[in-house]
There are 2 protein chains.
Amino acid sequence: MSKRRETPLKNIKLEKGHCSIGVRLNKLGMVPFFQELSESDLEKVNQHFRARHFDRGDVIYREEETASLLRIVVAGKVKLVRHTLEGKDVLIDMLQPGEYFGSLPSIGDEKYMETAIAQTQACVLSVGTDDFRNILNQYPSVAVKALEITAGRLKESQEQIKQLRTRSVENRIAHVLTMLSDKFGEESEVGLLIQVPLSRKELADMVGTTAETASRIISRFQEKDWVSTGRQWIAIKNQEKIRDLSQDKG
Amino acid sequence: MSKRRETPLKNIKLEKGHCSIGVRLNKLGMVPFFQELSESDLEKVNQHFRARHFDRGDVIYREEETASLLRIVVAGKVKLVRHTLEGKDVLIDMLQPGEYFGSLPSIGDEKYMETAIAQTQACVLSVGTDDFRNILNQYPSVAVKALEITAGRLKESQEQIKQLRTRSVENRIAHVLTMLSDKFGEESEVGLLIQVPLSRKELADMVGTTAETASRIISRFQEKDWVSTGRQWIAIKNQEKIRDLSQDKG
DNA sequence: CGGTCTGTTGAAGGATTTCAACACTCGTGG
DNA sequence: CCACGAGTGTTGAAATCCTTCAACAGACCG
């Protein structure tokens with residue numbers, strides 16, 4: 001039954017110089033935080049950032065480490081994971097260019113609560129939380145923007161909690177598939193392809209189930225010809241059905 | 001087995017005039033948002049707020065209603081609930097004086113995502129989101145504070161997601177009991193009493209289970225003499241055991 | 001003093017996990 | 001260049017936790 005195709009995922013090769021100081025300013029203006037800043041303000045803010053490249057699988061920071069930097073993805077994808085004592089993983093978020101992570105300036109919050117790992121090759125900007133605090137105080141629009149973004153994420157988290165409590169695993173998987181395809185989807189000859197390498201285990205860790213159950217459900221979707229899939233990739237062929245399942249009409 | 005006692009909960013009777021314009025300014029200074037403001041700034045900010053009293057069970061606003069006000073609890077407790085299409089409830093948060101709820105100023109976020117209900121008699125301040133946006137832009141320290149608080153809630157939400165995915169119902173109940181006792185606990189002759197009226201159903205809605213299961217587990221705790229409980233109240237007698245369970249050693 | 005709401009307890013049923021075995025893919029080193 | 005091994009995905013069967021359905025008891029309210 002399994003006619004596996006080769007991965008249709010784009011292999012985003014970042015050039016060596018891609019993650020350099022030169023492009024930083026350029027990218028920074030596209031980050032939602034700073035959209036309302038003038039050219040000159042942007043340039044000043046830019047001074048405080050450092051850029052760094054990561055390869056796939058690289059750990060950017062680890063849970064429990066002392067937190068002192070705010071980071072922004074400018075290229076590639078980054079995943080945030082929490083580990084539990086029993087060895088289970090919870091995949092909190094999958095970040096796109098423009099999104100922030102790490103530590104916001106705050107009072108006693110000195111440890112990272114999650115581990116950040118490069119899911120593809122990635123370029124990440126970082127700024128010290130003290131520097132960022134100054135930026136916030138100096139440019140209120142940045143603080144308001146940051147607040148909006150964080151409030152938005154809070155809403156998403158709460159939505160996820162609601163899902164976890166009231167929906168079946170099948171519904172929840174349908175839900176993350178629509179979320180991921182909204183965020184990372186690209187049309188391709190195999191369907192609406194989610195442009196991130198994603199294993200069954202990772203999918204399971206996003207909806208709170210086991211790799212086995214995720215596999216069973218994806219197989220079921222495949223039988224019905226709603227998705228096509230292979231090693232580390234999934235594409236959606238019937239968006240309507242998946243979206244229906246992700247809501248309630250099952 | 002059930003020797004029920006009368007409720008040991010304080011019946012916080014708010015005086016009629018308690019929630020009036022006079023006390024507003026006084027209270028406002030204690031709200032974390034505004035802690036760093038000077039007296040005179042506080043007075044200016046105060047102009048924009050209105051105060052209102054709610055009785056137990058009153059709906060402050062409803063899911064799906066158009067959102068235009070940011071609110072702050074200044075007396076009493078307020079619960080935030082999400083309803084699902086299948087008629088299940090998810091209790092998102094239980095708020096104390098000083099905490100905010102309602103809508104932060106944001107772009108397209110025009111509907112409330114949850115329903116707010118007074119859990120006890122309560123006094124609530126409100127401010128239009130546009131007014132609040134101006135406040136944020138004028139007093140960066142307020143924006144930074146709001147950001148910190150919201151980021152803190154996001155962390156809590158993520159912690160809750162982790163719990164939901166990896167812990168048993170028993171562990172999760174132990175966890176909310178410790179959370180609630182940290183937030184609302186008061187020493188009393190029956191143990192560390194959670195100073196909020198709380199039914200089995202509500203407890204269940206906090207951890208994502210059914211009232212029956214919650215009842216079974218509380219009964220089990222009671223047999224072991226770890227808690228004492230009655231209609232709408234719970235007190236913790238053995239904090240250590242409950243805290244252990246809430247972590248992992250169970 | 002009944003009616004309703006809340007809490008308790010039992011038993012059956014169901015969704016998901018866990019354990020286990022196997023197939024396929026990919027990269028690496030001989 | 002091929003073979004091997006680790007990582008990834010699939011599938012089955014048994015076990016488990018939790019829900020659902022149901023009946024009842026105590027508490028509060030008018």
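All chains are named by letter (A, B, ...) in the order of the sequence lines, taking the proteins before the strands, and each is independently numbered beginning at 1. Quick note: numbers below take in every heavy atom, side chains included, and nothing from hydrogens, waters or symmetry partners.
A:F221 places its CZ atom 13 Å from the P atom of D:dT10, with the value rounded to the nearest Å. Counting to the nearest Å, the P atom of C:dT17 and the CD atom of A:E86 are 14 Å from each other. Distance B:R200 CZ to D:dT20 C1': 19 Å, rounded to the nearest Å. The interatomic distance linking A:Q222 (CD) with D:dT10 (P) rounds to 7 Å, in whole Å. The distance between atom CG of B:L198 and atom C1' of C:dG7, rounded to the nearest whole Å, is 13 Å. Spacing between atom CD of A:E212 and atom C1' of D:dA13 amounts to 13 Å, rounded to whole angstrom units. Rounded to whole angstrom, the span from the CD1 atom of A:I218 across to the C1' atom of D:dT11 amounts to 15 Å. Atom NZ of B:K201 and atom C1' of D:dT19 are 14 Å apart (whole Å).
Contact check, B:S219 against C:dT9: a side-chain N or O comes under 4.0 Å of OP1 or OP2. When the side-chain nitrogen and oxygen atoms of A:K88 are compared with OP1 and OP2 of C:dT18, one or more of them lie within a distance under 4.0 Å.
Residue pairs meeting the salt bridge (Lys or Arg N to Asp or Glu O under 4.0 Å) criterion with at least one partner in residues 88-97 of chain A, sequence neighbours excluded, are A:D89-A:K201, A:D93-A:K183.
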Which atoms of nucleotides 16-18 of chain D (N or O only) lie under 3.5 Å from a protein N or O atom, and what are those distances?
{"unit_1": "D:dC18", "atom_1": "OP1", "unit_2": "B:V169", "atom_2": "N", "d": "2.9"}

Show each protein N/O and nucleotides 2-5 of chain C N/O combination with a separation under 3.5 Å, one pair to a line.
{"unit_1": "C:dC5", "atom_1": "O2", "unit_2": "B:R231", "atom_2": "NH2", "d": "3.4"}

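Of all heavy-atom pairs between A:V227 and A:Q222, the closest is O-CG, 3.7 Å.
A donor-acceptor contact closer than 3.5 angstrom links the side chains of B:R200 and B:T229. Judged purely by distance below 3.5 Å, without hydrogens or angles, the side chains of A:E86 and A:T84 pair a donor atom with an acceptor atom.
Between the side chain of B:R167 and the backbone N or O of B:K162, no donor-acceptor pair lies under 3.5 Å.
Residues that satisfy the side-chain hydrogen bond (donor to acceptor under 3.5 Å, both in side chains) test with A:D55, not counting sequence neighbours, are A:H53, A:Q121. Applying the side-chain hydrogen bond (donor to acceptor under 3.5 Å, both in side chains) rule to A:Q158 yields no partners; only residues at least two apart in sequence or on another chain are considered. Partners of B:E114 under the side-chain hydrogen bond (donor to acceptor under 3.5 Å, both in side chains) rule, at least two apart in sequence or in another chain, are A:K155, B:Y61.
Residue order along DNA chain D, read from the 5' end via each residue's closest nucleotide, puts A:S199 first among B:R216 and A:S199.
In this structure, the separation between CD1 on A:I149 and CD on A:E99 is 8.5 Å, given to the nearest 0.5 Å.
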